[in-house]
Amino acid sequence: MLDPKDWEQFRALAHRALDDAIDYQRDVRDRPVWQPVPDEIQASLAQRMPLDPTPLGDVYDRFVREILPFSSGNISPRFFGWVQGTGTPTGALAELLAATMNPNVGGRNHVAIYVERAVIAWFRDLFGFPHDASGVLTVGTSAANLIAVVCARMRALGPNAREIGLQGSKKRLVGYASSSTHGCVRKAFEIAGLGAHALHILPVDARHRVDPEALSAAIARDRAAGLEPFLVVGNAGTVDVGAIDPLDALADIAQREHLWFHIDGAFGAPGVLAPTLRPMLKGLERADSLAFDFHKWIHVPYDAGCVIIRDGELHRAAFASDGPYITRMERGLASATPWFTDYGIDLSRGFRALKIWFTIQEHGAKRIGQAIETNVRQAAMLGDLIDRHERFELLAPVATNVVCFRYRKPGMNEAQLDTLNDALVIAVQESGRAVVSSTTVNSHRAIRVCIVNQRTTDDDVRETLAALDELASLS
Ligand SMILES: *Cc1c(COP(=O)(O)O)cnc(C)c1O
């Protein structure tokens with residue numbers, strides 16, 4: 001009913017689309033990094049739902065005109081905003097193939113399940129987790145962190161946690177994370193019913209790393225006040241400045257105090273593949289749970305995150321569900337337990353694992369590590385350029401791959417500098433020459449360059465700084 005009437009006509013269009021897609025990636029340097037969606041295209045896209053058919057060729061032409069040119073730019077070598085991966089051409093191809101097979105990877109006995117198990121096992125081993133640890137692919141680290149918080153909550157409340165919920169428990173659970181922790185951890189506390197007040201925020205040192213002494217003190221204080229500490233969240237790469245918490249020290253405290261130790265390693269955890277970062281990540285292998293993304297520093301196209309849980313049985317107990325419509329069988333398609341739906345929020349799930357499987361096989365883990373290492377070196381180089389520059393200044397030491405800095409003009413007060421630097425971020429984005437983002441570091445507005453980009457050359461980094469300098473001198 002919905003298949004092509006004329007397969008040859010479809011084939012011709014599909015080949016054209018594939019060629020366009022390949023050119024689009026190959027020629028990424030020839031386009032502005034970003035450009036706004038023009039008003040008339042926004043209006044065109046907001047038209048009512050079509051009730052009648054349109055020839056596919058017309059739909060495709062409209063895609064080429066109205067959609068393709070106006071993406072966010074993160075596949076560009078000069079994209080340094082937020083923490084966004086670039087993807088790869090092979091990853092895009094794998095997405096086409098995954099959608100072609102279109103399996104539902106919630107469970108059952110088919111090959112996509114085995115592919116997902118395989119890629120999770122690769123990373124479980126890479127991160128030094130035991131064989132009976134569990135894992136599941138997620139939309140991203142936000143969902144992965146939530147799953148970990150729910151598992152930690154279950155450990156704290158006991159096996160009937162799912163029946164009684166927080167309302168059936170007298171325990172007043174509290175968790176800990178540093179002030180540099182990503183906002184999705186707080187959101188996980190909210191969604192898990194713990195409430196944001198149950199997440200106690202710990203101070204950081206000059207390098208934006210959590211202070212382990214402060215954690216020990218907070219646990220003692222909270223216990224004395226009748227609260228029940230249950231979880232500590234460490235960062236392997238903070239979102240603002242790329243700091244890595246002292247993970248080993250956090251693991252020691254968690255062990256001594258019987259807390260669940262979770263690590264948000266959204267972009268930083270794959271740093272174990274890079275010689276410079278690996279020693280800084282010591283202690284990662286001791287966590288009870290680890291969340292990380294494939295769509296950031298592993299360059300798999302959006303979206304793909306993952307959570308690994310040391311206690312696989314507890315993980316399953318926290319999420320497994322049944323129903324007559326999902327009865328498991330000994331053999332046939334409804335076999336191959338456990339199912340991925342028993343480890344997460346979703347029942348229906350796409351074949352995310354295929355793009356990971358392709359990417360890691362094509363490049364090998366080593367080359368992924370080299371790309372990470374290159375970005376760390378480029379961030380250090382940019383840090384040096386800024387240090388030596390008379391008008392730019394660093395606002396935080398460069399720990400990994402994130403550089404936070406600002407432009408200074410003599411005679412400007414703090415408020416004026418904040419305004420100037422926010423304006424510079426916008427100006428460089430609108431120039432189409434590069435994308436950087438902004439944040440606040442030690443109460444100063446900062447220009448933030450985060451390099452998770454397998455396409456970036458050293459020249460891209462230098463020219464981005466030059467563009468900012470040029471725009472600043474015009475302002
Ligand atoms: C990006 C990021 C997140 C959120 O991950 P998503 O994949 O965007 O959901 C969480 N923590 C850190 C440190 C991040 O960089």
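Whatever order the structure lists ligands and atoms in, that order sets their numbers, starting from 1.
Under the salt bridge (Lys or Arg N to Asp or Glu O under 4.0 Å) criterion, the residue pairs touching residues 72-90 are Arg78-Asp460, Arg78-Glu463, with sequence neighbours excluded.
Protein heavy atom at the shortest distance from atom 11 (N) of ligand 1 is Asp264 OD2, 2.7 Å. Of the protein's non-hydrogen atoms, the one nearest atom 3 (C) of ligand 1 is Lys296 NZ, 3.4 Å. The single protein non-hydrogen atom nearest to atom 12 (C) of ligand 1 is Ala266 CB, 3.3 Å, given as residue, atom name and distance. Nearest non-hydrogen protein atom to atom 4 (C) of ligand 1 is Ser142 OG, 3.6 Å.
A cation-pi contact, defined as under 6.0 Å to the ring centre and within 45° of the axis, is absent between Arg406 and Phe392.
Classified by interplanar angle (parallel below 30°, tilted 30° to 60°, perpendicular above 60°), the ring pair His315/Phe319 is perpendicular. Relative ring orientation between Phe127 and Phe123 is described as tilted, the plane-to-plane angle lying within the 30° to 60° band.
Close to ligand 1: Gly237, with a non-hydrogen atom less than 4.0 angstrom away.
Heavy-atom contacts of Phe267 reach the following atoms of ligand 1: 15 (O) (cutoff under 4.0 Å). Near His295, the atoms of ligand 1 lying under 4.0 angstrom from a non-hydrogen atom of the residue are 7 (O). Atoms of ligand 1 lying under 4.0 Å from at least one heavy atom of Cys184, given by number and element, are 10 (C). Atoms of ligand 1 found under 4.0 Å from any heavy atom of Asp293, numbered from 1 in the order shown, are 5 (O), 6 (P), 7 (O).
In Thr141, the parts holding a heavy atom less than 4.0 Å from any atom of ligand 1 are both the side chain and the backbone. Using a 4.0 Å cut-off between heavy atoms, Trp82 makes no contact with ligand 1 at all.
Salt-bridge formation is not detected for the pair Lys366/Glu373: no Lys NZ or Arg NE/NH1/NH2 atom is positioned less than 4.0 Å from an Asp or Glu carboxylate oxygen. Salt bridge status for Glu190 with Arg186: present, with a side-chain N to carboxylate O gap under 4.0 Å.
Side-chain N/O atoms of Asp469 and His389 include a donor and acceptor closer than 3.5 Å.
Applying the side chain to side chain donor-acceptor pair (under 3.5 Å) rule to Glu362 yields the partners Thr90; only residues at least two apart in sequence or on another chain are considered.
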